[in-house]
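Quick note on labels: first sequence line is chain A, next is B, and so on, each numbered from 1.
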Number of protein chains: 2
Amino acid sequence: MAHHATMTEALEQAGHRLTAPRLAAMRLIAAREGPFTAADLVADADARDLRIGRATVFRAIDLLAELGVVERIDLPSGEHAYVACRPAHHHHMVCDRCGRSTEIDDAGFRSVVAEIAHRTGFRVDAHRLELFGRCADCLAGETTDR
Amino acid sequence: MAHHATMTEALEQAGHRLTAPRLAAMRLIAAREGPFTAADLVADADARDLRIGRATVFRAIDLLAELGVVERIDLPSGEHAYVACRPAHHHHMVCDRCGRSTEIDDAGFRSVVAEIAHRTGFRVDAHRLELFGRCADCLAGETTDR
DNA sequence: GGGCCAGATGATACCCAGTCTCAGTGCGAG
DNA sequence: CTCGCACTGAGACTGGGTATCATCTGGCCC
């Protein structure tokens, strides 16, 4: 998970203002463990009586997404969610019990893509890879609990 | 691309009725080369003066998705699109110039997932893999055209 | 410190995809 | 024939996301 400071730094570096609503939004994001939807953030802000407009929340997410410190993932249900993460190439593994998201590295995936590209003549510019299942913690919990 | 007949067959086999609106929807889908959105289909139906309700189009897509003859993919823009395809496990490669979608097989991807699962203790139940770029035809066209 | 102004904000209206509801409609079985 | 059930379509509704626009403010320059 990206820390609050990582985000503010990224913002400043890209020449954006550090305004109160943005700082608040970033704090809310940092406080979340796993993926969150825009609606989650709005609800959080509401619950804490931060007077942040809905539009501003969306803009903040957009901005952070542009800077690469949050990323949009598409849940199997089709919903859009976001996760805070390092601004580097990686993929996400989402536990559908606890909702936590883990970043995973390449693990040979790159060569698979290269292989496919080579075989088909396709030039791959972008890709999306997301894994869904149960994280180790939840698996452990399940076998001991029941 | 799944042919019209493949879809009707799948429908019948699953014990669903072959109604006129469904057949019409399937013909529209079969007529499309690449991914399409639900709105595309509705527009197509409208253009051809087929009197198919919006709800019916969505239901037809849902149904075909359940049967595995169309699949939902998430474009990089975040839009939901659908593609007709074989009812087998595979992934999609979408050309963002001509819009055509190619099915690709496993190509060693399975073992990458297994490797990740092994390293992290995560149990992977589902995954999403989509590639975006330029297909061989479009690449060829581009180099000769300009 | 004070003024300036582009960039940021938030209230609101709006748009669009997808779902729900419900009164029909028509096919197939008996 | 007629009964039931799957299916249909019109329209209302929901929820995520965007556009508009008057107002505000962070941070720079003096």
Side-chain angles (χ1 to χ4, degrees), chain A residues 7-29 35-67 70-83, chain B residues 7-8 10-29 32 35-67 70-83:
Chain A
M7 294 192 249
T8 58
E9 204 176 297
L11 259 198
E12 261 193 318
Q13 204 158 356
H16 295 284
R17 287 196 195 158
L18 290 181
T19 64
R22 277 181 185 162
L23 290 169
M26 289 189 282
R27 238 174 283 121
L28 290 178
I29 291 172
F36 54 90
T37 64
D40 287 339
L41 280 199
V42 173
D44 284 3
D46 242 42
R48 305 193 189 184
D49 257 315
L50 310 168
R51 303 311 196 73
I52 308 179
R54 220 164 70 90
T56 304
V57 171
F58 279 98
R59 282 187 286 238
I61 293 175
D62 266 19
L63 196 52
L64 294 171
E66 251 169 54
L67 302 177
V70 312
E71 198 169 305
R72 196 184 61 223
I73 60 178
D74 292 283
L75 270 17
S77 64
E79 287 177 279
H80 290 166
Y82 305 84
V83 272
Chain B
M7 295 193 248
T8 59
L11 259 198
E12 262 194 317
Q13 205 158 357
H16 294 284
R17 287 194 194 155
L18 290 180
T19 63
R22 278 181 185 163
L23 289 169
M26 289 189 282
R27 236 173 285 121
L28 290 178
I29 291 173
R32 289 203 157 251
F36 54 90
T37 65
D40 287 339
L41 281 199
V42 173
D44 284 3
D46 244 43
R48 304 192 191 183
D49 257 316
L50 310 168
R51 302 310 196 72
I52 307 180
R54 223 163 68 88
T56 303
V57 171
F58 279 97
R59 283 188 286 239
I61 293 175
D62 268 17
L63 196 52
L64 294 170
E66 251 168 55
L67 301 177
V70 312
E71 198 169 308
R72 195 185 63 223
I73 61 178
D74 293 283
L75 270 18
S77 64
E79 287 177 280
H80 290 166
Y82 305 85
V83 270

Hey, what bend do you get for the helix from C:dG1-D:dC30 to C:dG30-D:dC1 if you fit axes on five pairs at each end, rounded to 10°?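 End-to-end axis angle: 30°.
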
Closer than 4.0 Å, any side-chain N/O of A:Tyr82 to the OP1 or OP2 of D:dG17? yes

How far does [atom1] of [X] sit from [atom2] of [Y], to the nearest 0.5 angstrom?
X       : Y       : atom1 : atom2 : result
B:Met7  : B:Leu67 : CE    : CG    : 11.0 Å
B:Leu63 : B:Glu66 : CG    : CD    : 6.0 Å
A:Ile52 : A:Leu23 : CD1   : CG    : 9.5 Å
B:Leu64 : B:Glu71 : CG    : CD    : 12.5 Å
B:Thr8  : B:His16 : OG1   : NE2   : 13.5 Å

Can you measure [X] atom [atom1] to [N] atom [atom2] for me and round it to whole angstrom units?
X       : N      : atom1 : atom2 : value
B:Asp74 : C:dA17 : CG    : C1'   : 13 Å
A:Glu12 : C:dA8  : CD    : P     : 13 Å
A:Leu41 : D:dG15 : CG    : C1'   : 16 Å
A:Met26 : C:dA8  : CE    : C1'   : 13 Å
B:Asp62 : D:dA6  : CG    : C1'   : 16 Å
A:His80 : C:dA17 : NE2   : P     : 13 Å
B:Phe58 : D:dG11 : CZ    : P     : 17 Å
A:Ile73 : D:dG16 : CD1   : P     : 16 Å

Look at the side chain of A:Arg54 and the backbone N and O of A:Val42, then say whether any donor-acceptor pair between them is shorter than 3.5 Å.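 A pair under 3.5 Å: no.
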
Side chain A:Asp40, main chain A:Thr37, donor-acceptor under 3.5 Å: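 Confirmed, A:Asp40 side chain pairs with A:Thr37 backbone.
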
Sorted by number, residues from residues 15-25 of chain A placing a heavy atom under 4.0 Å from DNA chain C are A:His16, A:Arg17, A:Thr19, A:Pro21, A:Arg22

By nearest atom, which of the nucleotides C:dG18, C:dC20, C:dA17 is closest to the B:Ala55 side chain?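 Between C:dG18, C:dC20, C:dA17, the one nearest the side chain of B:Ala55 would be C:dC20.
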
Is there, by distance only and without an angle test, a donor paired with an acceptor across the side chain of B:Arg54 and the base of D:dG9 below 3.5 Å? no

Report yes or no: is there a donor-acceptor pair, N or O only, under 3.5 Å between the side chain of B:Arg59 and the base of C:dG18? no

Contact summary for A:Leu50 and A:Ala24, nearest pair of heavy atoms: CD1-CB, 4.2 Å

Within residues 44-52 of chain B, residues whose heavy atoms come under 4.0 Å of DNA chain D: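 Going residue by residue through residues 44-52 of chain B, the ones with a heavy atom under 4.0 Å of DNA chain D turn out to be B:Arg51, B:Ile52.
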
For B:Pro35, check side-chain contact (heavy atoms from CB on, under 4.5 Å) against everything at least two apart and list the hits.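 If we apply the side-chain contact (heavy atoms from CB on, under 4.5 Å) test to B:Pro35, skipping adjacent residues, the hits are B:Ile73, B:Ala81, B:Val83, B:Val94, B:Ser101.
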
Sorted by chain and number, sequence neighbours left out, ring pair (Phe, Tyr, Trp, His ring centres under 6.0 Å) with B:His80 holds for A:His80

Salt bridge (Lys or Arg N to Asp or Glu O under 4.0 Å) contacts touching residues 72-81 of chain B (sequence neighbours left out):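 Of all non-adjacent pairs touching residues 72-81 of chain B, those that pass salt bridge (Lys or Arg N to Asp or Glu O under 4.0 Å) are B:Asp74-B:Arg128.
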
Among B:Leu28, B:Leu41, B:Asp44, whose side-chain contact (heavy atoms from CB on, under 4.5 Å) with B:Phe36 holds?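 The side-chain contact (heavy atoms from CB on, under 4.5 Å) with B:Phe36 is passed solely by B:Leu41 among B:Leu28, B:Leu41, B:Asp44.
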
